[in-house]
There are 2 protein chains.
Amino acid sequence: MARSAAKTPAASADAGADTADAAAGKPERSGRLSAEDWAQAALDLIAEQGVAAVAVEPLARRLGVTKGSFYWHFPSREALLQAALERWENVEQEAVFGTLEQVPDPRERLRALFQMVAHEYQSHVIYSALLKALDHPAVQPVIDRVSKRRLDYLAASFRQAGLAREDALHRARLTYAAYVGFLQLNLQLHQARMPQEEFEAYVEHLAKTLVPA
Amino acid sequence: MARSAAKTPAASADAGADTADAAAGKPERSGRLSAEDWAQAALDLIAEQGVAAVAVEPLARRLGVTKGSFYWHFPSREALLQAALERWENVEQEAVFGTLEQVPDPRERLRALFQMVAHEYQSHVIYSALLKALDHPAVQPVIDRVSKRRLDYLAASFRQAGLAREDALHRARLTYAAYVGFLQLNLQLHQARMPQEEFEAYVEHLAKTLVPA
DNA sequence: ACCTGAACACCGTTCAAGT
DNA sequence: ACCTGAACACCGTTCAAGT
């Protein structure tokens, strides 16, 4: 569900004739396919069924072409995965951190971050799928890069919140590891693992324990 | 490397003639194979190369038989994975928590737990490999069970260390999530991600932040 | 009781040929 | 510029036949 294509750089230059990108849930592309179409289809599959589901033949079936045509766009399944992940990495940037620049007080900002991360389901779907597939060689470097960026942001915030340089870095590591472990253990809401009330209490505990007073 | 077979229930009853289980690194089994041999070989592979590497044909090659013979022992690759993971789950129990019963003071015990987890590389190898493969349907339930057990242990320890029932549960969640995220992000030592000194400081920060004073 | 060998299905990959 | 169709390799699975 939920096509995440929305804010894509869209068409590159020419491209045949895309008569208003359809109306149904499934894109139902009329003309021929571009590499971007394949990458987006792969991303959708990752969100829906995980990285392992990204297979050339099923994807081709889904797109209504033969698998042979895939190899005009990409040299391998691995290359498709990489393109899909790159696509995601580019979009991912603003998703969480962009909205936070508005909150001036660093402690408030950290609390807001906790709340946002806790209650914004959609933005973790792909990241969570990737975490469950670190097995795949294409995934690890992407997660590494994204994690590094977020960790730096967190460390800076803790620094601004008054922690010493070293402590800020450590606290950022702890906080981010807790986030990753949280996704990993499927403690999320919407996964029916925890009642709403207890979940809120947990988030409060996090803020109390991790955000400097 | 590192055959983890050491403390296996060993042979079931009869079994052909195992003339002292060899001396080389690779078991080099002479007679015919049992289901346990396949499961152990699968576990070894998981530790060395991850869950994805557990494939029937390569395993058969490694064991010096044809892949057809595998299906006398297991109905499917999935069943082999499950048997291997069950084997691990049984052995895993004592590994970390057994040694801790000796420390009486709960706060001291928690600190000792942090230190042990931080410096005992071997015991996380399989768990970490499984975390990277939650994609595979056989893996998730095992991780869920093991995690639940450890979480309960942690919660009890925090309770004994003086936290209120609710707080103890939340702190256990936070702590365990941090552990999982830590493995996930490859922050471990031996992975050359952090210099020794910084690593020790991080562990200290964890204890200071998470263990009640 | 355990293994071989041949068979088939499914998916990744290649490539000559089509439009 | 993009796609089809047939081919091959590799791995999962089945099964009749061997020891």
Side-chain angles (χ1 to χ4, degrees), chain A residues 11-19 27-42 45-46 49-85 133 135-139, chain B residues 11-19 27-42 45-46 49-85 133 135-139:
Chain A
S12 38
D14 57 328
D18 260 50
T19 49
E28 209 65 71
R29 312 206 103 273
S30 43
R32 329 200 85 153
L33 299 167
S34 68
E36 278 74 35
D37 293 323
W38 285 90
Q40 184 56 49
L45 250 186
I46 291 174
Q49 312 189 39
V51 172
V54 178
V56 176
E57 209 166 37
L59 253 182
R61 266 199 298 274
R62 191 169 160 142
L63 289 171
V65 292
T66 62
K67 59 181 175 172
S69 81
F70 168 79
Y71 289 91
W72 192 89
H73 302 283
F74 294 96
S76 67
R77 188 200 105 121
E78 211 52 25
L80 169 65
L81 250 182
Q82 227 152 301
L85 296 181
D135 237 9
H136 298 257
V139 173
Chain B
S12 39
D14 57 327
D18 260 50
T19 49
E28 211 64 69
R29 312 207 102 274
S30 44
R32 328 200 86 153
L33 300 166
S34 68
E36 278 76 34
D37 293 324
W38 284 91
Q40 184 56 48
L45 251 186
I46 291 175
Q49 313 191 39
V51 172
V54 178
V56 177
E57 210 166 35
L59 253 183
R61 266 198 298 274
R62 192 169 160 143
L63 288 171
V65 292
T66 62
K67 59 181 174 171
S69 81
F70 168 79
Y71 290 90
W72 192 90
H73 301 283
F74 294 96
S76 68
R77 188 201 107 121
E78 212 51 26
L80 168 66
L81 250 182
Q82 227 153 301
L85 296 180
D135 237 9
H136 299 258
V139 173

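Convention: sequence-line order gives letters A, B, ...; per-chain numbering from 1.
Heavy-atom contacts of chain A under 4.0 Å fall on DNA chain D between two terminal nucleotides, which in 5' to 3' order are D:dA1 to D:dG5.
Counting all heavy atoms, side chain and backbone alike, A:A138 lies closest to A:Q82 at CB-OE1, 4.4 Å. Pairing each heavy atom of B:A84 with each of B:A42, the nearest pair is CB-CB, 4.0 Å. Listed here is the closest heavy atom pair of A:A83 and A:F74: CB-CE2, 3.6 Å. The minimum heavy-atom distance linking A:D135 with B:A133 is given by the pair OD2-CB, 3.5 Å.
The strand DNA chain D forms stems, runs of 3 or more Watson-Crick or G-U wobble pairs with distances below 3.5 Å, at C:4-8 with D:12-16, C:12-16 with D:4-8.
Between B:H73 and B:D37, every side-chain heavy-atom pair lies at or beyond the 4.5 Å cut-off.
For the side-chain hydrogen bond (donor to acceptor under 3.5 Å, both in side chains) test, no residue two or more places apart in sequence or in another chain qualifies with B:T66.
Heavy atoms of B:S34 sit nowhere under 4.0 angstrom from any nucleic acid atom.
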Task: From CA spacing to verdict: side-chain contact (heavy atoms from CB on, under 4.5 Å), A:R32, A:V65 - done: CA-CA 9 Å; A:R32 329 200 85 153; A:V65 292; over 6 Å; no
Under 3.5 Å, sequence neighbours excluded: what are the donor-acceptor pairs made by side chains of residues 49-61 of chain B?
| unit_1 | atom_1 | unit_2 | atom_2 | d |
| --- | --- | --- | --- | --- |
| B:E57 | OE2 | B:K67 | NZ | 3.1 |

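The structure places NE2 of A:H136 at 10.5 Å from CG of A:L85, a figure rounded to the nearest 0.5 Å.
Aromatic ring orientation, B:F70 versus B:W38: perpendicular (interplanar angle above 60°, classes split at 30° and 60°).
Mapped onto DNA chain C by nearest heavy atom, A:K67 and B:F70 fall at different nucleotides, with B:F70 at the one closer to the 5' end.
Near-neighbour residues of DNA chain C inside residues 50-60 of chain B, defined by a heavy atom below 4.0 Å, are absent.
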